[in-house]
2 protein chains.
Amino acid sequence: MRELKARILKDGRSLPGGILKVDSFINHQMDPYLMRQIAVEFIRRFASTKVNKIITIEASGIAPAVILGLLMDVPVVFAKKKKPSTMDNMLATTVYSFTKQRNYDVVVSREYLSANDHVLFIDDFLANGNAARGIVELCEQAGATLEGMGFIIEKSFQHGRERLEEMNIRVESLAVVESLDNCQIRLMEE
Amino acid sequence: MRELKARILKDGRSLPGGILKVDSFINHQMDPYLMRQIAVEFIRRFASTKVNKIITIEASGIAPAVILGLLMDVPVVFAKKKKPSTMDNMLATTVYSFTKQRNYDVVVSREYLSANDHVLFIDDFLANGNAARGIVELCEQAGATLEGMGFIIEKSFQHGRERLEEMNIRVESLAVVESLDNCQIRLMEE
């Protein structure tokens with residue numbers, strides 16, 4: 001996706017430790033017009049699937065997910081990272097974050113993820129795939145069909161894709177970062 | 001806003017302790033079409049203001065804020081509830097949550113909130129107004145102009161509006177809950 005890649009190279013910043021900061025247009029300040037282009041590209045890539053629900057994880061996945069849900073006219077569920085005091089009857093799993101070096105819960109109410117759902121998972125980043133595998137686990141608990149997973153940016157050197165594809169999950173990323181060595185952003189050619 | 005009020009009465013649930021659950025359509029599962037109607041109504045209500053940025057707080061404010069940003073063609077910033085390890089040069093304040101009975105930080109990078117900004121704050125709920133006053137504080141720190149605050153649902157019995165209007169802030173709520181006594185949802189007539 002050319003606009004996205006140009007934007008990453010223009011406005012993204014690579015910090016020591018394999019960190020790519022895109023917080024001027026994706027995950028702190030957001031460019032809604034780019035989010036819409038991203039949503040359109042996800043629709044194109046998953047055109048052959050039958051999706052009746054979008055799922056994401058708070059907070060950075062919500063913006064692309066809700067614009068995609070608007071364009072596709074399907075409900076959007078965001079998994080929470082903490083058990084709300086008012087929620088019972090939950091699907092829950094634990095995910096380890098390498099970035100934050102701690103475990104966190106990922107929680108969805110059973111009311112909003114069930115065996116009737118054909119789910120497309122959307123998130124901003126695919127790194128090692130731990131958060132995504134948490135969603136796979138919740139879909140299994142719910143008996144929901146996972147139609148695919150779409151990421152705005154994939155860091156291919158952290159190998160999340162391999163782990164998901166081993167589980168026969170269809171993975172689409174709109175920009176693939178091959179390397180952040182020496183704080184240089186190197187994107188995969190299409 | 002008639003569709004919203006009908007939806008609250010149909011799908012909202014009132015729990016003991018003045019809690020209104022709207023997580024089937026606003027803050028866990030989201031109805032993107034309703035979010036779009038909500039965004040259009042905010043545009044109508046704030047038509048006389050000159051807004052060049054939407055601001056919200058993660059996570060439940062992001063969906064209405066980004067759809068509003070898309071329709072208004074302005075960037076959207078979501079304040080974070082925890083200081084990211086990769087963020088320096090921040091605007092920060094502390095907010096007390098009555099629901100969670102604890103303090104949390106509200107943080108925005110100085111890069112994305114400045115004296116050039118004419119800001120509209122959007123959130124799902126106005127209760128006691130503590131989170132909103134945190135945003136007022138961040139706008140003051142930044143020298144930004146706060147053009148107004150828009151909420152999907154206001155709980156008028158928790159008096160957040162009075163506290164904001166005392167500061168000469170324009171407040172618009174699309175549905176006003178007058179009472180949740182005896183777990184009955186009573187909405188204000190327009």
Side-chain angles (χ1 to χ4, degrees), chain A residues 11 13 15-17 19-25 27-37 39 53-82 84-88 90 99-101 107-109 111-113 117, chain B residues 11 13 15-17 19-25 27-37 39 53-82 84-88 90 99-101 107-109 111-113 117:
Chain A
D11 292 333
R13 276 192 298 149
L15 306 183
I19 293 166
L20 176 60
K21 276 193 82 168
V22 288
D23 66 0
S24 65
F25 58 107
N27 51 19
H28 183 24
Q29 181 168 258
M30 301 174 289
D31 176 343
Y33 184 74
L34 180 68
M35 290 289 178
R36 189 180 182 285
Q37 290 180 297
K53 187 165 278 182
I54 312 287
I55 191 162
T56 186
I57 301 185
E58 64 179 352
S60 306
I62 295 175
V66 77
I67 292 180
L68 182 57
L70 182 66
L71 297 181
M72 293 178 69
D73 197 18
V74 296
V76 179
V77 173
F78 66 90
K80 308 210 174 196
K81 287 185 178 169
K82 204 173 282 182
S85 57
T86 57
M87 195 193 291
D88 33 44
M90 293 177 310
T99 320
K100 295 174 183 165
Q101 302 205 344
V107 176
V108 172
S109 167
E111 292 182 72
Y112 311 127
L113 189 62
D117 290 325
Chain B
D11 292 333
R13 276 192 298 149
L15 305 184
I19 294 167
L20 176 61
K21 276 193 84 169
V22 289
D23 66 0
S24 66
F25 58 107
N27 51 20
H28 182 24
Q29 180 169 260
M30 300 174 289
D31 175 343
Y33 184 75
L34 180 68
M35 290 289 177
R36 188 180 183 286
Q37 289 179 298
K53 187 165 279 181
I54 312 287
I55 190 162
T56 186
I57 300 185
E58 63 179 351
S60 307
I62 295 176
V66 78
I67 292 180
L68 182 58
L70 182 66
L71 297 181
M72 292 178 68
D73 196 18
V74 297
V76 179
V77 173
F78 66 90
K80 307 210 174 197
K81 287 186 177 169
K82 203 174 280 182
S85 58
T86 57
M87 195 193 291
D88 33 45
M90 294 178 308
T99 320
K100 295 175 183 165
Q101 303 206 345
V107 176
V108 173
S109 167
E111 291 181 73
Y112 311 126
L113 188 63
D117 290 325

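Chain A is the first sequence line, chain B the second, and so forth, proteins listed ahead of strands; every chain is numbered from 1. Values in this document were obtained by computation on a predicted structure and should not be read as measured data. Only this structure's heavy atoms are used, side chains among them; waters, hydrogens and symmetry mates stay out.
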> Most heavy-atom pairs under 4.5 angstrom with chain A, which of G17(B), A79(B), A63(B)?
Replying inline: A63(B)
>> Is it the case that the side chain of H28(B) and the backbone of F78(A) share a donor-acceptor pair, with hydrogens and angles ignored and the cut-off at 3.5 Å?
In response: yes
>> Is K100(B) close to chain A through its backbone or its side chain, or both, or neither, when contacts mean heavy atoms under 4.5 Å?
In response: neither
>> Set out, in order, the CA-CA distance, both residues' side-chain angles and the distance that settles side-chain contact (heavy atoms from CB on, under 4.5 Å) for E111(A) and Q29(B), then state yes or no.
In response: CA-CA 9 Å; E111(A) 292 182 72; Q29(B) 180 169 260; over 6 Å; no
>> Looking only at heavy atoms and a cut-off of under 4.5 Å, which of I54(A), D31(A), N27(A) has the most pairs with chain B?
In response: N27(A)
> Looking at G69(A), S60(A), S24(A), which one has more heavy-atom pairs under 4.5 Å with chain B than the rest?
Replying inline: S24(A)
> Residues in salt bridge (charged side-chain N to carboxylate O under 4.0 Å, His left out) with K80(B), at least two apart?
Replying inline: none
> To the nearest 0.5 Å, what is the distance between CD1 (I62(B)) and CE (M30(B))?
Replying inline: 9.0 Å
>> With a 4.5 angstrom heavy-atom cut-off, is it the side chain or the backbone of V74(B) that approaches chain A, or both, or neither?
In response: backbone
>> Looking at chain A, which one of L68(B), I55(B), D23(B), L15(B) has the largest number of heavy-atom pairs inside 4.5 Å, strictly under?
In response: D23(B)
> Just how far is it from atom CZ of R36(B) to atom CG of L71(B), taken to the nearest 0.5 Å?
Replying inline: 5.5 Å
